[in-house]
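Remarks on the structure that follows.
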Protein chains: 2
Amino acid sequence: MFREAPRPELRAFLKHAGLRPTRQRMALAELLFAQGNRHVSAEALHEEALLKRVGVSLATIYNTLHQFTAAGLLREVVVDGSRTYFDTNTSDHNHFFIEDDGKVLDIPGEALRVGNLPKAPPGYEIARVDVVVRLRRAR
Amino acid sequence: MFREAPRPELRAFLKHAGLRPTRQRMALAELLFAQGNRHVSAEALHEEALLKRVGVSLATIYNTLHQFTAAGLLREVVVDGSRTYFDTNTSDHNHFFIEDDGKVLDIPGEALRVGNLPKAPPGYEIARVDVVVRLRRAR
DNA sequence: CTGTGTGCAAACTCTTTGCATAAGT
DNA sequence: ACTTATGCAAAGAGTTTGCACACAG
């Protein structure tokens, strides 16, 4: 049950992204990337870190999430006006959003196609197309 | 240049939606619906109302926007994590979003098609599909 | 050692709420 | 009159910031 073992690959992972491997960043990177794709809010990640006895302040969580995003390790997902979600899957794909419990799920890239894209108004170009499939509990 | 003329059709409009035609609601309804489709944030509508010398508090703006939404006169649009937009076009359509200046534009319903919709996970059904085409200034 | 990262608390933005007053029917 | 809406100010969520201290290289 020892979770404080050295993690050389995490160290390298952060270094490669140009981020100093501090204790907090290592711990958060492990939480985020050790177990498949995840969608977290700052608050949720903070609670999770506290549960695992990792001392991290909420401010550092925000800093870290933004640094990871800037480094291309995370992607911000806008599905809900009131909370920001970060997705560990940075590839091109879309999302289910379950409004009832604020959960975000990936839709694999191939599983959805947007056809007939309109062209951007003059002076603009398309930066990205986001599709959110909103779900409700079936009756 | 008199803008304080009686507006019987607005009165009827609100009544029909089950809302009491108060001075504030009439004024806001006029701002929102008198000139084609609009996409407003609460703050923007508030400023606009103040400019036209309509005394409305921000709290009332929020109340009114939500009442109009509940009555089916408006539709909430999630394009930006930090602000809520309301769209006077309640029909099925999608949006351009210009991040640089926080502007929302309609994409006509026929101009975009989502194909290959994945089916909802067990226990859920699709409530709605939202597509946001994010724009940036062309280089 | 030197510079970057972290923690804390305070500030900030957007939005909601509670309650006394005002307005609609 | 009776009921519902409004305004204000205060509270609330989520997020950001400034600065002293701690830590990585």
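Numbers restart at 1 for each chain; the letters A, B, ... are given by sequence-line order, proteins then strands.
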Rounded distance (Å) that lies between atom [atom2] of [N] and atom [atom1] of [X]:
{"X": "A/Asn63", "N": "C/dT6", "atom1": "CG", "atom2": "C1'", "answer": "8 Å"}
{"X": "B/His46", "N": "C/dC14", "atom1": "NE2", "atom2": "P", "answer": "13 Å"}
{"X": "B/Leu19", "N": "C/dT25", "atom1": "CG", "atom2": "P", "answer": "11 Å"}
{"X": "A/Tyr62", "N": "C/dG5", "atom1": "OH", "atom2": "C1'", "answer": "19 Å"}
{"X": "A/Leu50", "N": "C/dC8", "atom1": "CG", "atom2": "P", "answer": "10 Å"}
{"X": "B/Arg83", "N": "C/dC12", "atom1": "CZ", "atom2": "C1'", "answer": "13 Å"}
{"X": "B/Arg11", "N": "C/dA23", "atom1": "CZ", "atom2": "C1'", "answer": "12 Å"}
{"X": "B/Leu58", "N": "C/dT17", "atom1": "CG", "atom2": "P", "answer": "14 Å"}

Please check: side-chain N/O of [X] versus main-chain N/O of [Y], any donor-acceptor pairing under 3.5 Å?
{"X": "B/Asp87", "Y": "B/Asn89", "answer": "yes"}
{"X": "B/Arg38", "Y": "B/Leu31", "answer": "yes"}
{"X": "A/Arg134", "Y": "A/Val79", "answer": "yes"}

Under 4.0 angstrom, heavy atoms only, what part of the nucleic acid is [X] near: base, sugar-phosphate, or nothing?
{"X": "A/Gly81", "answer": "nothing"}
{"X": "B/His66", "answer": "sugar-phosphate"}
{"X": "B/Thr84", "answer": "sugar-phosphate"}
{"X": "A/Ser41", "answer": "nothing"}

5' precedence on DNA chain C between B/Glu43 and A/Gln24 (nearest-nucleotide basis): A/Gln24

On the 0 to 90° scale, with breaks at 30° and 60°, tag the B/Tyr85-B/Phe97 ring pair as parallel, tilted or perpendicular.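 Ring orientation, 0 to 90° scale: perpendicular.
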
Parallel, tilted or perpendicular: ring planes of A/His95 versus A/His39, cut at 30 and 60 degrees: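 Judged by the thresholds at 30° and 60°, the geometry between A/His95 and A/His39 is perpendicular.
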
Which heavy atom of B/Ser41 sits nearest to which heavy atom of B/Arg83, and what is that distance? CB-CD, 3.7 Å

Quick check: closest heavy atoms across B/Ala49 and B/Leu28, and the distance to 0.1 Å?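 Minimum heavy-atom separation between B/Ala49 and B/Leu28: CB-CD2, 4.3 Å.
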
Selected nucleotide, minimal atom distance to A/Arg25 side chain, candidates C/dG24, C/dT6, C/dG7: C/dT6

Residues in side-chain contact (heavy atoms from CB on, under 4.5 Å) with B/Ala70, at least two apart?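 Result, side-chain contact (heavy atoms from CB on, under 4.5 Å) vs B/Ala70: none returned.
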
Using a cut-off of less than 4.0 Å, is there contact between a side-chain N or O of [X] and OP1 or OP2 of [N]?
{"X": "A/Ser57", "N": "C/dG7", "result": "yes"}
{"X": "A/Thr22", "N": "C/dT4", "result": "no"}
{"X": "A/Arg20", "N": "C/dT4", "result": "no"}

Range on DNA chain D touched by chain A - first to last nucleotide, heavy-atom distance under 4.0 Å: D/dG14 to D/dG25

With DNA chain D as reference, determine whether A/Ala42 or B/Thr60 sits nearer its 5' end, using the nearest nucleotide of each.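 Nearer the 5' end of the strand: B/Thr60.
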
